[in-house]
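Below: one structure, written as structure tokens.
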Amino acid sequence: MSPLDDLKTAIKSRLGELDCVIGWEQGYDQLHATPLFIRSEADLDRLVIGPLAVHNLATYLPGLRGKKVGIIVKGCDSRSVIQLLNENLITRDDLVVFGLCCSGVVSHRKIRAALPVDPGFVEAVDLSTDTLSITASGQTTILHMADIAADKCQICQYPNALIADVLVGSPQESKVLTTLACQEEFEAKSEAEKFAFWQETMSRCIRCYACRNACPMCVCRDFCISTSRDPLWLGQENTPGENMMFQLIHVSHLTGRCTECGECERACPVDIPLLLLRRYMNKQVQDVFEHRAGTALEQTPPLLTFKVEEEGIKERGW
Amino acid sequence: MSPQNIRELRIVGFLCNWCSYGGADTAGVGRFVQPTDLRIIRVPCSGRIDPLFIVRAFMNGADGVLVSGCHPRDCHYAEGNFYARRRLEMLKRFLPITGIDNRRFEYTWVSASEGQRWQHVVTEFTRGIHTLGPAPSFNPVSETEWNKLAVQASEGQGCPCHG
Amino acid sequence: MRIGVFICHCGSNIAGTVDCPKVAAKALTYPDVVFSTDTMYACSEPGQDGIIAAVKEQQLDGVVVASCTPRMHEQTFRRAVERAGLNRYMFEMANIREHVSWIGKIMEDNTIKAQELVRMAVEKLRRNRPLIPKRFETVKRVLVIGGGVAGIQAALDCADGGQEVVLIEREQSIGGKMAKLDKTFPTVDCSSCVLGPKMVDIAQHPKITLYACAEVESVGGYVGNFHITIRRKATYVDWNVCNGCGLCLEKCPSHKHPDPFNENLCTAPSINIPFPQAIPKKAAINPQSCLKLTQGKCGICATVCPLKCIDYEQKDELVDVDVGAVIVATGYDLFDWHKYPQYGQGRYPDIITSMQYERLLSASGPTGGQIKRPSDGKEPKNIVFIQCVGSRDRSVDRPYCSGFCCMYTAKQAILTKDHLPDSQSFVFYMDIRSPGKLYDEFTRRAMEEYGAHYVRGRVSMIYPQDDKLLVRGADTLAGTQVEVQADLVVLAVGAEAAAGAAQLGEKLRVCPDQYGFFVESHPKLKPVETNTAGVYLAGACQGPKDIPASVSQGSAAAAKVLGLLSKKELESDPAVARVNQPRCVGCGKCIQTCPFGAIKEVADRFGNPKAEVIDTVCQGCGICTVTCPQGAIQLEHFTDNQILAEVQALCPPKIFANYE
Amino acid sequence: MKYITKKNLLRLTEELSSVYRVLAPVAQGGTVTFRRFHPGMTLDMHSRMAAVSAKMATLPQTESLLLVQRVEENKKPELTETLPQGKTLVMGARPCDARGKLLLDPVFITEKIRDQHFIHRRENSIFITLACDQPETTCFCHSVGSGPADTAGSDILLTLVGEGYVAQAISDQGQEIVTHSFFEDAQDRGQQAQAKHGHALELMGQAHDYSSAPAKILERFDDMDFWEVQSAKCISCGACTYMCPTCYCFNITDNDLGLTSQRIRTWDNCMSHTFTLEASGHNPRPTKAHRLKNRVGHKFSYYPDLYGGIMACCGCGRCIKQCPTGVDIRQIVNAAQEYAQ
């Protein structure tokens, strides 16, 4: 039996006790998946998994608090589930986790970049282990998975769900690579260059808050300080400065909590590389506190605790 | 706001009421002369200082931000500066990726009795900020700069894999 | 809103380097400012009257005073605006003295800075709101920690003032350091004759409950309502029954361990009553040396005790008490002189501390009041006293003066002459510090009437020569080296913070200073208060002190407590954190980080978890406000919007007429 | 019919940018957005449909309405109304962008309310539109009364033929522009353009009939179970509304900055909790189901009810294509239309 069949069998046996199970189905074309809320066995037929099932479904969990739900998670998504549990934002007893052993998902942005014209009219998609072939507007292009895998998959350390009531598929190896060349290249730029980059990048942000609402750790949702008057942290005006301020609020609130699932960047309709900020902050957290969010139950986010002597912090002497 | 004295740069200080604000008072009582750039905001505890206040100051054009609290273990509220230390250290380490020079931000500990230390910290920090000069404005300040931004954007400069 | 601004000249303190009228004029252009003036002394009576009159005439609903530091006069002006009929929190201060006029030289820069600080205060005030304190009742009981002379005085004064007192003492008996002293300066009266009756009063006072061999385990609650857990350490003797007859002491076969009460000059039995006047006069077993407890054999004391009160199975006991106030009187420890290499670091038995010398002088001491040197029991002839051992010395991190060593050294020189008329005392000193009533006369008597030879200088080295000690030092007045052949050397060791003070401070949330002494609320105006409401300091735990000063502080702390508890109700500071419950997502991060346990989880009417602040426990630090990502918990008077308004006032955002 | 080469179109755009505030599709960081065009920049008309519509030409994301300034010598604050200035030209809009613009008119220009800011921009903007030759899976303009070569709202319609564009002047202003020497006669390229238009429409397939939608959606108004299922995967962000050519809801905010204050108008977003949050703390649309119901309902039921049956949707499909979770407004309307007990 394929992992998908295993998964369907497992869900079928638990569906009765659950309000719904969150998975994926095909979206508006064969290239795009979309979240699926499985409420009946009939819904189960539409379930898909694989490299096109890109969404981190953990994002939905805090909003479903109080209901008994099942969720299908990839390795990276499972970190978000753990982090939410650690922060007391969801209840383990109300949750059934169907874990996947994931070999990576695609980046639609990279697919777009690999094609001469936006694949707006997709006629057929064919997936193999290593390739993705797309027929759009009468032309067929074969893309190699390695070239179009999401950034996070290229350095994935947690391909298999870290928390699961049911784990399907055969466990995958973590990647050897732990840093991305593009990240390092960006970090190596001068401060003035980075400043200019964010200025111009933030000038196309439309502050739609897709990055925030797609983020599984943005649990304030309706009560985010960026849209409130009291406290009033952010102006409504759409300027690069206020847009950047919002991103800095987002990163600041994610300090030690970000599971690097990449949903923010994926959700961004104007393709702002938000993970540049996240990965850098996560690296600092790792360096100072030896902490990686959502990799173990019972972790305390580092900003919610302290040590009297901080080995990782070297303060400036005057 | 009145046109600012051009000799001065905009430096914002966040000081806890119990130690550092008192230390600044002690420096005053001792008539320890300091540069006048710094403007101090009094907060009850360094644990009250949201790193985002500092970010906000920078986004609004501050040239430097100085935070000072009680020495570790001496917090009036026992633990406030321990939390502050973690938060502020993360901000300091994070700033470079945003393109804000993190030498523009420092945090330190000054007790209510350390008037001289306060004078030293303010003098040194202010000197450092003057060496760095005025901070660039994130929002373009003129039509020309807006235009420059648009042209820059179309040139796709920036992130190597996303540019 | 109608805001009034008052720019204080503070005589020439501010006006000397700040153009006050210009600052006042500028303030009139600030939003909501309807009245602005400069004033000579805002804090003076006419100054305050001016503020009150302006509030009434101009119908102000907020006041900004730009003057000295708010740490000086914020309370003064808050009371003034209250008298004018405003809420005390509708007031802000701009510090243009300590932070402007006193540290900047250039008038123009100072004036601009003062204007901006005023503007910042105005922006903050525009976002202030009246805050009303909550009222709560107090427990009419006091906890006194430490049974030295300061604690004894405080306990007796509180009890005499009608409050119930719980006095706890770490050692087996109260009395503290003073109980070990022979005589006291400057009257040279017998220490135990002075202290003894007070100790008895403690034992007999109907309002005082004494727990010896006890320590504070934990502290909860807040001013007026502290919940204290006391750990009563096992003494292995049922103190309800023991009558202190002392039979067990005589029969105890294990009496080889040093006697701490006698500064280890002699040994003590493993079951002991430290000294004859001990209060409570009860025996206790030392579990480190008792044969029964360490090896399981012996048990003689249990056999001989006529009241059968020995209990080898006794365990520590926890006692809970609720009190309205706490007086900390935990005293001091003596500096460990072994840090100094020049004094032999313990190789020479005839170099002793001043406290050991007190025990030698004491009639109830190990020698029965005979001065005999430890090495051979001979009476010494030449006795060298070295002052400032662990005082005024940066090299051992004790730069402060311990204050009482000059006096007790003079006293010991006088007593030495009384005990041994043929003896000669030499005193090596740095300066003589004797600023007390009859103090300087007393030191002069030591020199002039008792012939003590005072040498101004430090001792560089002591080494043995035959059965004597050669003390080599400098005489800085004569500019020569001096050498004294001493039979006995007495080190006037300084005071340092008591062991365990830091841990106790943490429990009580009282800060220690850099040397470990507890910090008072204000060095001049609030010498016995701490920054934790309801916790007071008495005696040397706050800094080195002699007996009169300790007793005065004990009484002073008692007066403060009596004042506090005489109020039927107390008001809590309303500048505490408050939860905007609809915004709260119930994640509990604030509960996790609050150092005071001041936030609890409650359920809203839909059963969703929400945070709620316990007003009286909240200390107003604001850690929670930063922890809460959705800003649902805001520290009143220091809300995000108030601080952001200050930031925006200093760093105004750029406004665009066109955003396209 | 006129014709202009790609190269000349760029030159034309450069020239126009000295007279107009030109908004044009520009590639940046892997995406294409409408941005202020300056000489030296390159146009990206074809690689993909601009992520955000050209709505900002007539309804900018942020606009200043009033400025309040305190001048030092004068205690009384000065109040200035900040009306828009100048003319705007949109280069490379799609027919759906131009069509979307028209749907805002009945809202901002009524008998009672005449929004001066909107009217100024509306009257001073020119749309040079590019006909679509390749519809996308998410496109459904032909189902809402438009089409890949719809001329409504445009001043000039360009159609890609060879290495240039056939230019059809629609308005007088468009006519004036095509008289420029960069334009040549289209000759038989006009027919080729026509053929392309027909082909594109053919590719779009059968149009969907939305005529029953207004009534059917209203029938589901109180059926929150229906809306909860439909909105399950919605994450309640504002991407759909901000990218939409026809979403016109705005917010007015006073930025009290003490010495200088400003009243601004910004795009608002009905997917946001604060959109309907009342001062009391009560929110009539507390969940994403309520909010998505409003968005779909407004576009396919309430608006057509108010304005003569026209859907408040131009079928550009941006909300579907760029929704982070793939919420498809067509499916929701279909579900309401086909709803059976």
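Scope of the values below: all heavy atoms of this structure, side chains included, with no hydrogens, waters or symmetry mates. Protein chains get the first letters and strands the later ones, always in sequence-line order, with residue 1 at the start of each.
Among A/T305, A/V288, A/L180, the residue with the largest count of heavy-atom pairs under 4.5 Å with chain B is A/T305. Options B/M59, B/E124, B/H120, B/R85 differ in how many heavy-atom pairs under 4.5 Å they form with chain A, and the most are formed by B/R85. No other option in A/Q247, A/K283, A/K307, A/K110 has as many heavy-atom pairs under 4.5 Å with chain B as A/K307. Here B/I97 is the residue among B/N81, B/D50, B/I97 with the most heavy-atom pairs under 4.5 Å with chain A.
One distance of note links NZ of A/K194 with OG1 of B/T98; it measures 8.0 Å at 0.5 Å rounding. Taking OG1 of A/T255 as the start and CZ of B/F94 as the end, the distance is 7.5 Å to the nearest 0.5 Å. Rounded to the nearest 0.5 angstrom, A/I249 CD1 and B/L52 CG are separated by 5.5 Å. Atom CZ of B/R56 is separated from atom CE of A/M245 by 4.5 Å, given to the nearest 0.5 angstrom. The distance from the CE atom of B/M90 to the CD atom of A/Q284 is 5.5 Å, given to the nearest 0.5 Å.
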Applying salt bridge (Lys or Arg N to Asp or Glu O under 4.0 Å), run through B/R103 and A/E191 and close with a yes or a no.
CA-CA 11 Å; B/R103 289 172 295 179; A/E191 247 118 42; 5.2 Å; no
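Electrostatic pairing of B/R73 and A/E309 counts as a salt bridge here, judged by a charged N lying under 4.0 Å from a carboxylate O. Under 4.0 Å is where a charged nitrogen must lie from a carboxylate oxygen, and between B/E89 and A/K314 no such pair does.
Without hydrogens or angle criteria, A/R316 side chain to B/E106 main chain gives no donor-acceptor distance under 3.5 Å. Although no hydrogens or angles enter the test, the distance criterion places no donor-acceptor pair under 3.5 Å between the side chain of B/R87 and the main chain of A/S252.
Both the backbone and the side chain of B/I100 come within less than 4.5 Å of a heavy atom of chain A. In this structure, chain A has a heavy atom under 4.5 Å from the side chain of B/R117, while its backbone stays farther away. Contacts between A/D287 and chain B at a heavy-atom distance below 4.5 Å involve the side chain alone, from C-beta outward. At a 4.5 Å heavy-atom cutoff, the contact between A/V251 and chain B is made by side-chain atoms alone.
Across all their heavy atoms, B/Y83 and A/L303 have their closest contact at CD2-O, 3.7 Å.
Within 6.0 Å of CD in A/E290 there are 12 or fewer heavy atoms belonging to other residues, nucleotides or ligands. Applying the 6.0 Å contact sphere to CD1 of A/I142 captures no more than 12 heavy atoms from other residues, nucleotides or ligands.
Ring planes of A/F306 and B/F82: parallel class, angle under 30° (limits at 30 and 60°). Using bins of under 30°, 30° to 60° and over 60° for the plane-to-plane angle, the ring pair A/W233/B/F53 lands in the parallel bin.
Among B/V110, B/V121, B/T123, the single residue meeting the side chain to side chain contact (heavy atoms under 4.5 Å, CB included) criterion with A/W318 is B/V121. The residue from A/F197, A/F195, A/W198 that alone fulfils the ring pair (Phe, Tyr, Trp, His ring centres under 6.0 Å) condition with B/F138 is A/F195.
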